[in-house]
Amino acid sequence: MNTSYYLIDEAALRRNLEILRGVRERTGCKILLAQKAFSMFAVYPIIAEYLDGATASGLFEARLAAEELQGENHVFSAAYRAEDIPELARLCDHVVFNSCAQLRAYAPQVLAAGKQAGLRINPECSTQEGHAIYDPCGEKSRLGVTRAQFDPEVLPLLSGLHFHTLCEQDSDALETTLDAVEARFGEFFPGLRWLNFGGGHHITRPGYDIPRLERCIDRIQQRYGLQVYLEPGEAVALNAGILRCTVLDIVENGGKIAILDTSAACHMPDVLEMPYRPPLRGSGLPGEKAYSYRLGGPTCLAGDIIGDYSFDRPLAVGDVLEFGDMAIYSMVKNNTFNGMPLPSIALRTLDGTERCIRSFGYEDFKQRLS
Ligand SMILES: *Cc1c(COP(=O)(O)O)cnc(C)c1O
């Protein structure tokens, strides 16, 4: 297989899914795949063995789940287009709205189709520091209805409430958030059927406090008789895939710089957006091992830098490198800036065979332009 490509590891994916299924089985909560993190539909049949369904960020993801993943189909968008509502009402079991105005305008169509409408709330409880772009409870957030903006007159349209305020967090942050959710919106729970805890639960990360998560779920399900939903994205495919790439050239400018056939800007945009330094197999921090390199992509962007790494032996042109944790928020965010080829998508099955599932070419670049 030519690099670059994402290689998803079925065994690692199943390990995550088993952890999630354990939570479902012990608590009776329902767990959905948040497709925006990971939409590799070739493995949706595997995911469907363990989870209750999927959630979408809009019509296209909802359609993908309807076509490829057995189970419940949910959608949340910060705003819907009127023309998409009939199809969403047909495809989705839950349509979650982001304002009382959109709920009033469109919920009747959802209910007429025999489906349920929900509303995303903003519990105004920030539990993360430093990642303002991932904090939906920050100042002037457009995500979720605050208690001040919530109009109890919409309650007859509602089957449930939804919050999504966490990002890569442990269950202590969920517990704190639930206190705020209950304090602000708990009075409305008795008339509802479900409460959706959103995503951002890093459940499959080693050390995550699963018993505390289960206590949070039990608390809501037992106290109010609500069905709890979780919709993790990251946790489903955390550490379940790598990005394999090749060293194309090595240049020198105040240090050695290796240019790879993959790009931070095109193939791992979270490296620049979040930002973070992805793990690289066999490497150390700069200076930790004998030979240090800055690794970058072949695009024109000066900032197309993946990070600084060190190795036990010098890198050479043609060496293959493996970046870790590349299943999530990677292929779903790819772009072809600079005419960069999209990495292929491959699967390592349980018997260890590596199989290319999809490769992309010039036509995939051209067909998005005109
Ligand atoms: C992003 C998102 C998720 C998934 O978040 P992860 O951090 O990947 O677990 C779930 N629900 C909503 C509404 C989201 O925006």
Side-chain angles (χ1 to χ4, degrees), residues 13 16-17 19-20 23-24 29-40 47 50-62 64-65 69 72-80 88 92-99 102 117-123 126-128 130-138 141-145 160-171 173-174 177 181 194-205 208 210 213 216 228-241 268-270 273-274 276 325-333:
L13 181 65
N16 288 341
L17 290 165
I19 292 170
L20 296 172
V23 172
R24 283 177 64 223
C29 81
K30 295 192 178 185
I31 304 189
L32 311 170
L33 164 71
Q35 294 176 92
K36 74 161 197 243
F38 183 68
S39 303
M40 182 175 165
I47 293 173
Y50 298 85
L51 303 186
D52 296 282
T55 187
S57 315
L59 181 57
F60 289 175
E61 284 184 356
L64 185 64
L69 200 147
E72 291 188 27
N73 200 1
H74 295 209
V75 64
F76 163 80
S77 175
Y80 297 100
L88 286 170
C92 296
D93 301 291
H94 291 190
V95 178
V96 178
F97 295 92
N98 189 51
S99 72
Q102 284 226 322
L119 185 68
R120 177 167 173 173
I121 55 171
N122 176 354
S126 290
T127 52
Q128 45 187 327
H131 277 152
I133 73 164
Y134 296 114
D135 183 7
C137 295
S141 170
R142 74 191 187 291
L143 299 168
V145 177
L161 296 174
H162 175 292
F163 64 87
H164 170 71
T165 65
L166 307 182
C167 177
E168 299 189 338
Q169 280 166 286
D170 209 321
S171 43
L174 172 64
T177 301
V181 168
W194 48 264
L195 182 64
N196 187 321
F197 289 5
H201 317 281
H202 233 190
I203 304 169
T204 51
R205 174 180 70 197
Y208 179 94
I210 292 179
L213 167 68
C216 287
V228 166
Y229 283 88
L230 306 179
E231 41 182 43
E234 284 218 26
V236 173
L238 188 66
N239 291 313
M268 41 183 112
D270 273 2
E273 261 177 47
M274 199 162 188
Y276 81 105
D325 198 21
M326 279 291 158
I328 47 174
Y329 293 106
S330 54
M331 44 187 123
V332 291
K333 287 191 142 189

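Because the structure is predicted, anything quoted here is derived from the model rather than measured. Order of appearance sets the numbers: ligands from 1, and atoms from 1 within every ligand. Positions are given from 1, in the same order as the sequence printed here. For the numbers below, each heavy atom of this structure counts, side chains included, while hydrogens, waters and symmetry mates do not.
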Problem set entry | side chain to side chain contact (heavy atoms under 4.5 Å, CB included) assessment of Leu238 paired with Phe38 | CA-CA 10 Å; Leu238 188 66; Phe38 183 68; over 6 Å; no

For this session: Evaluate the ring planes of Trp194 and His94, with Trp represented by its six-membered ring, and classify them as parallel (under 30°), tilted (30 to 60°) or perpendicular (over 60°).
Result: parallel

Exercise. How long is the span from the CZ atom in Arg24 to the CG atom in Leu17, to the nearest 0.5 Å?
Worked result: 10.0 Å

Exercise. Counting distance only, does the side-chain N/O of Asn122 pair as donor-acceptor with the main-chain N or O of Val145 below 3.5 Å?
Worked result: no

Problem set entry | Chi angles and distances behind the side chain to side chain contact (heavy atoms under 4.5 Å, CB included) call for Val75, Tyr80 | CA-CA 10 Å; Val75 64; Tyr80 297 100; 3.7 Å; yes

Contacts table for ligand 1: protein N or O within a distance under 3.5 Å of ligand N or O, distances only.
| residue | atom | partner | partner atom | Å |
| --- | --- | --- | --- | --- |
| ligand 1 | 7 (O) | Gly200 | N | 3.4 |
| ligand 1 | 8 (O) | Gly233 | N | 3.4 |
| ligand 1 | 8 (O) | Glu234 | N | 2.9 |
| ligand 1 | 8 (O) | Tyr329 | OH | 2.6 |
| ligand 1 | 9 (O) | Gly200 | N | 2.8 |
| ligand 1 | 9 (O) | Gly233 | N | 2.8 |
| ligand 1 | 11 (N) | Glu231 | OE2 | 2.7 |
| ligand 1 | 15 (O) | Lys36 | NZ | 2.6 |

For this session: Mind checking ring-ring contact (aromatic ring centres under 6.0 Å, His included) for Tyr134 and listing every partner two or more places apart, or none if nothing turns up?
Result: His131

